[in-house]
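Predicted model, so just to flag it, every value in this text is computed and none were measured. Read the numbers this way: they start at 1 and go in the same order the structure lists the ligands and their atoms.
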Amino acid sequence: PESITVAELANRMAEKTSDLVKALFKMGSPSASTDLLDQDTAELLVTEFGHEIIRVSEGDVDIRHDEDIDDAEHLKPRAPVVTIMGHVDHGKTSLLDALRGANVVAGEAGGITQHIGAYQVKTPDGSQVTFLDTPGHEAFTEMRQRGANVTDIVILVVAADDGLKPQSIEAIAHAKAAGVPIIVAINKVDKEGANPQRVRERLLEHELVVEEMGGDVQNVEVSALKKTGLDKLLDAIAVQAEIMELKANPDRAAEGTVIEAKLDKGRGPVATILVRRGTLKVGDIFVCGAESGRVRALIDDQGKQIKSAGPSMPVEVLGLGGVPMAGDTLTVVENEARAREVATYRQEQATRKRTVQAPVSLEGMFEALA
Ligand code: GTP
Ligand code: MG
């Protein structure tokens, strides 16, 4: 290729465009996702993100063939990853239930979401959207931040009868910090006292200017209860996703991010993985954070066993040697020797980090000795 846009380079590194935009900003060359990069900047970015050094020929940004970076011709469109955020009880889980025709809310203890659920929804036009549901409770701020890291788009759910609340504003801040576009779903419009216009006005105070007011933030009035406005919301997501040109190489060793992980009594360590690129298959050998393993089974969001999972798919993975941490990267490797090698290295790194961070004050040392 003659030159490369920020978004294209991001796709080829399987990094988020917004992360590249942020890095460019820090490097003192603010750019938009559609801007063309010169060779030097592109090269700098690639190394900045820890990928193999690129070979640059005259007038050309050619990225070296290796496992780390994907050729442009291998990239295929992938589903957007959408995180649903908002104040507690504004209807995040209900909205997701309505979108996927399920009922998760009914099964939750006290109606409060305790973890991040990950689901895929088929839109009327046949494309897929991956949704992450985040808890609305204040204690889970960290989880929300984590959700914002893998997400392409944030749906901010605001109850029309309650308006913008502290956690709505917090969600706006997280999305902005992560450079992720926001679509506002004004929910509960069926309720008495619902005032969607007031919500749109209040959004202005947080520099979210909706389209009706001359801005570029999409907002959709919905009722998760009456199931209205849902197709419009999916359309809004499709519009946003199209602008972002989200792509990944499905034909390579898989790489994914741990969304949540736990020790299941019957099944052992289980992790929900969001596949970022490549295709994860049963039998694959992998390293996941400081753990290694071999994929014993893959379970989709419907609870069905599947053989493989491609980019943007959330999937439960069985066959881990231990419980990884949310946010860890899963990387498929060639063989078990390599998996152990990488896992040991990562464990050592983790130990070293802990040692360095240990308290070095006298009091701390005495306490440790006591
Ligand atoms: P947390 O996970 O606790 O943050 O809550 P949430 O945002 O997931 O809200 P949830 O979906 O659990 O809904 C909270 C309450 O609002 C429930 O009683 C829902 O039935 C109700 N609710 C959700 N959407 C609507 C709606 O569109 N209209 C009306 N009238 N009620 C709704
Ligand atoms: Mg919920």
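Geometrically, ligand 1 and Leu225 share a nitrogen or oxygen pair separated by less than 3.5 Å. Any N or O atom pair closer than 3.5 Å counts here, and Lys226 shares no such pair with ligand 1.
Nearest to atom 28 (N) of ligand 1 by heavy-atom distance, out of Asp161, Val88, Thr228, Asp190, is Asp190. Nearest to atom 9 (O) of ligand 1 by heavy-atom distance, out of Gly91, Gly86, Ala224, Gly229, is Gly91.
If you run side chain to side chain contact (heavy atoms under 4.5 Å, CB included) between Val220 and each of Asn187, Leu233, Val184, only Leu233 comes through. When each of Asp71, Thr279, Asp70 is paired with Arg252, the side-chain hydrogen bond (donor to acceptor under 3.5 Å, both in side chains) condition holds for Asp70 and for no other.
Under 2.8 Å from the Mg ion (ligand 2) lies an N/O/S atom of Thr93, whether from backbone or side chain.
Gln120 CD: more than 12 foreign heavy atoms inside a 6.0 Å radius.
Between the side chains of His90 and Asp162, a donor-acceptor pair is found at a separation under 3.5 Å.
Listed by number with element, the atoms of ligand 1 under 4.0 angstrom from any heavy atom of Ser94 are 10 (P), 11 (O), 13 (O), 19 (C), 23 (C), 24 (N). Atoms of ligand 1 found under 4.0 Å from any heavy atom of Ser223, numbered from 1 in the order shown, are 27 (O).
When non-hydrogen atoms are compared, ligand 1 lies under 4.0 Å from the side chain of Asn187 (C-beta onward) but not from its backbone. At a heavy-atom cutoff of 4.0 Å, ligand 1 is contacted by the side chain of Lys191 but not by its backbone.
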Donor-acceptor pairs under 3.5 angstrom involving side-chain atoms of residues 193-204: please list them, not counting sequence neighbours.
{"residue": "Asn195", "atom": "OD1", "partner": "Arg198", "partner atom": "N", "Å": "3.1"}
{"residue": "Gln197", "atom": "OE1", "partner": "Arg200", "partner atom": "NE", "Å": "3.0"}
{"residue": "Gln197", "atom": "OE1", "partner": "Arg200", "partner atom": "NH2", "Å": "3.2"}
{"residue": "Gln197", "atom": "NE2", "partner": "Glu201", "partner atom": "OE2", "Å": "3.4"}
{"residue": "Arg200", "atom": "NH1", "partner": "Asn219", "partner atom": "OD1", "Å": "3.0"}
{"residue": "Arg200", "atom": "NH1", "partner": "Glu221", "partner atom": "OE2", "Å": "3.1"}
{"residue": "Arg200", "atom": "NH2", "partner": "Glu221", "partner atom": "OE2", "Å": "3.2"}
{"residue": "Arg202", "atom": "NE", "partner": "Glu205", "partner atom": "OE1", "Å": "3.2"}
{"residue": "Arg202", "atom": "NE", "partner": "Glu205", "partner atom": "OE2", "Å": "3.4"}

Indicate every side-chain donor-acceptor pair of residues 319-329 with a distance under 3.5 Å to a residue at least two apart or in another chain.
{"residue": "Asp328", "atom": "OD2", "partner": "Met325", "partner atom": "N", "Å": "2.8"}

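When all heavy atoms of Asp89 and Lys188 are compared, the pair lying nearest together is O-NZ, 2.7 Å.
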